Every structure is written in structure tokens, then in C-alpha cells.
Amino acid sequence: MRQFQSRVKENNYTLFQKRDLYLYTILIFFVITAVYFGFAFSKGSVVEVRINGTVQYRFSLEEEGQKSIQSNGKRLMDLLIDQGDIRIINSQCPLHLCERGSLKQSGVLVCVPQKVIISIVRDEEPVKDTDGIDLITG
Amino acid sequence: MLEMSNGSQHQTMKLSKNSWILILIFIILLLFFSILFFFRSKPEYVSKVDIALGTTVKVVVSSDKDPGLIIEAILREFHRIDRKFSVTDPKSVISQINKSENPVEVDEETAFVIERSIALARATEGAFDPALGNLITLWGFDRINDSAFKPTIPSDSQIEEALEKSGYENILLENDVVILNNSVKLDLGGIVKGYAIDRGLSIAKEMDPEATGYIDAGRDIGIIGPKFGGEYWAIAVQDPRGDSGEYIDLVYLKKGAIVTSGDYERFFMMDGVRYHHILNPKTGYPIRETISTTVISPDAMDADAFSTAAFVLGSEFSAVLLPVLGGQGLFVDAQNKATYTEGWSFFKEKH
């Protein structure tokens, strides 16, 4: 132990020296920037609403509340964005089948009679490398 | 070595050993993440959702060639088949045949689909019937997606009249010429979605024999190829009375097709009674004894027709008939009780 301490003293081993401060500041700056951008890109998934094959609306999942979806001045439905999930409500289609389920449950919401497709736009693989369920029939 | 200017005085600063180690670690990490960023493999699967044949079509493809191009080609084919075989589009081939009082010469593809539908009707003893157009129109299930659709229940006499103008025996096909006797009307809705899936699978394989993925048309599924090239796709069977996503069984497929017919797909409620689109070709009313049938078959077209036929025939008969025709099935009756063909269990395991 005494030998080690003397070696430390000889080689001037210290974790923080005043002259290293600039270097550590730069490194910390890089790390904080990287973490910030990492979070910024992972957050804020965008919801895209396509009507008749054309993108008509884009919302952030963080914009909670009710959004009205219209086409040619006609109200088609409302979207309810709540806690990062979306449901169709007040749809003007005859059977309201599109009001069943949420975007989180099905990955995509579709109203066939009104030709509306609602999906989340994100840079993510559509097929996950897991043992879970890949798709549903029925 | 790091040179730093401190006012007028030039001072040479020596970094400590720890700092050099830290710099080294930082450079290695930077290199590692740069390599990850620039050389990361492209996403394995590309997907697109569209609307065709009155339902949602999702195509998921992985290919060393251009998966986006394959998906577009498949979706174009779905739209083409939709236009050609639609019963509501007056320009469609089916509308032309239904309107004509004379024999109609049809193209090779139309002749093939009609011929196959007659063969499947014979094989299922009319439980699947492509000539129920009058009955389906009477109930309005061909217009159920129209915004202006108003559900009504036809009278017994109207149903009787439509039944008299129904039945696949009235379709004659010879040398690509179709004759509809007894004023029957074609409605290939029970087979054309399966046909479109089969065509989509062929297109994917023509464009890239190594392509993998699947086509999901309104939850009727055709497999392009195994997941990630070698694994099984885990496919859940929807619980007919559960919420969307709740399932009653799980099967594993690397190829072939799986199709489900359910009384919850196209229906309307009136006075608390559910009226759905799978009609009994003998009575003209929606089937009440079955609520869901799922069929696995090598071809989606056959699976599509078989699932309708099994729905009409009921679990007892279907459990015997289906394996003879080359399918395996799961049937859920009105009491929500599930029964299976003997070979169904094969698909419940990864082999």
C-alpha cells in the first residue's frame, strides 16, 4: 500500500487536474448534446391521416385533444388523441366499424367507407424480431 | 500534448494519463456509433396500407431488390382486381355479365375465376355459392360501405323471390363464354379477395423469388415467405366476441394462407339482432349457428371459399369435409365453443 501510494505520488496520479478541466467540459457538452438529440428524435411520433390516398393531416401524438377530420368541407370524423393513443369518434360512416379499437391496438385505423387511413409515421421496423404475435386473422 | 494560450504567456500543458484514456474511450465510442450509423442495415421489412376490395390491405415485404416497388405492384394489382370484379362498379366485367341477357365472351382471367368458383361451389355442395348476387343486393351487403347505406330487413316474399334467382347451377361457362340462366347474378365477393392475395403473392415471387413477408387483406392473410427468411409468422385468431386484438388461438405459418369469415365483419344491428353478410344459400337469411370460421390452405382463393362454406355448413360437417378439400379449420359456434379439424394442431407448433 505504501509502495502504491508512493508510485501515485511519483507519477502524479490524480483523477481531476485543473488543466484537464477544458477537456472534461468539452466531453460533457458532447454527451449532453447526444442525449438531448436522442430524446428529441425518439419522442413526438407523428400521426398521418390519408384520405383517398393523399396525406391530408399530420398531428403530433403529444397534441392531446379532439381533432376534426374533414374532406371537401364535409366532416368525416373526429380523432381523439389521449395519452399517446388515438381513437376515431363521431364517424359519419354507416356502421361505425372504424370506431372499434385504437391506434395502439391495431397499428393503423381505417375507415373503409370514407377511405381514411390513420397511421403513425416513425422510423421503425414493421416486423419485430420477437416471439410475440405478428398478425391477426379474423 | 495540448498547447494553450494564456494571455501573453505560452504554456505547454501535459494531459494526465487518465485524460488520455478518456480520450481513447471517447474516440472508440465515436467510431463505434459512426459505424453503426453509416453501416446499419436497412429496415428488414417495408410496409404499406391501402384500401381496396372494400377492406384494408396491408402489404409487408422484405427483399434485396426494391421492396417498395414490389408493394406498389401488389397494391396496383389489388386495385385492378377490385375494378374488374366489383359488383357495384357498372364498368366492371361482373356488372357487364350481370346486366347482359345474352351470352358474354370473357377474357381468360375472368373465365378462370368463374370456373374456379363453380368448382368450389360444387366441392362444397353449394355452401359457397358465387351466384347469390340477387340475395346479397336485396340485403344491401354489397353497398354496406356506402355512406348512404340504410339497413333494412327484406320480407319473406322478397327473399323467396331472390332465392329463386340464385344458385351456381345457373352459371354456364363454355369456351370463355358465360351464360347466366334464370336471371341469377354473380357476386364473387367470397372468392375475389383470396384471388387478389394469390395474385399478390405471385407478383412478389416473380419480382423477387427470395422476397418474404405477407399480404393482409382485411385480416385474410397470404404468406409471401418466412419471417426474416426462416422463421414462422405467429398468427392469432381473433376472438369473435372479444375486443379487436383479443384472440382464441395462435398458429404458426411459413407459407400458405389463412382466412377467417366472421359474423362481425360486415353486419348491421336492428332491434338488437345482428344481420351479417354470410347468407344461407338455402334459406336466404344470415347463418345463426356459426359466428366465426378460420381456414388454413395452400391458396388464399380456396381458403376464402372454404371459410364461407364452413360457416354455412357448421363445425360438425366442416371438420370432416375441409381436410378432404385440402384445408384445416377452426370453427366457433353460436355458443362461442371452438372446434377444430384434426390437422389444425399441426399449425399450433413450430416444426
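Predicted, not measured: the structure shown is a model, and the values here were computed from it. All chains are named by letter (A, B, ...) in the order of the sequence lines, taking the proteins before the strands, and each is independently numbered beginning at 1.
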Is B/Tyr340 atom OH crowded by more than 12 heavy atoms from other residues, nucleotides or ligands, each under 6.0 Å away? yes

If you take all heavy atoms of B/Ala234 and A/Gly132, which pair is closest and at what distance? CB-O, 3.5 Å

Between NE2 of A/His96 and CZ of B/Phe268, what distance do you get to the nearest 0.5 Å? 14.5 Å

Quick one: of B/Thr56, B/Thr55, B/Asp243, who has the most non-hydrogen atom pairs under 4.5 Å with chain A? B/Thr56

Bottom line for B/Leu30: the part with an atom under 4.5 Å from chain A's heavy atoms is neither

Please check: side-chain N/O of A/Arg50 versus main-chain N/O of B/Asp50, any donor-acceptor pairing under 3.5 Å? no

So, for B/Phe149 and A/Pro94, which heavy atoms are closest and what is the spacing to 0.1 Å? O-CB, 3.9 Å

Please report the interatomic distance CD1(A/Ile136) to CD1(B/Ile221), rounded to the nearest 0.5 Å. 8.5 Å

What are the two closest heavy atoms between A/Lys115 and B/Ile51, and how far apart are they? CA-CD1, 3.5 Å

Where on B/Tyr232 is there a heavy atom nearer than 4.5 Å to chain A: the side chain, the backbone, both, or neither? backbone

By the definition side chain to side chain contact (heavy atoms under 4.5 Å, CB included), identify the one residue from B/Thr294, B/Val295, B/Val259 that meets it with A/Thr137. B/Thr294

Segment of B/Val60 engaging chain A (4.5 angstrom heavy-atom cut-off): side chain

Please answer whether the main-chain N or O of B/Trp233 pairs with a side-chain N or O of A/Asp134 as donor and acceptor at a distance below 3.5 Å. no

Winner by heavy-atom pair count (cut-off under 4.5 Å) against chain B, out of A/Leu135, A/Asn52, A/Val110: A/Leu135

Does atom NZ (B/Lys348) have a neighbourhood of more than 12 heavy atoms from anything else shown, all under 6.0 Å? yes

Could you tell me which portion of A/Leu95 (side chain, backbone, both or neither) has an atom closer than 4.5 angstrom to a non-hydrogen atom of chain B? side chain

Please rank B/Asp239, B/Ile144, B/Thr293 by heavy-atom pairs under 4.5 Å with chain A and give me the top one. B/Ile144

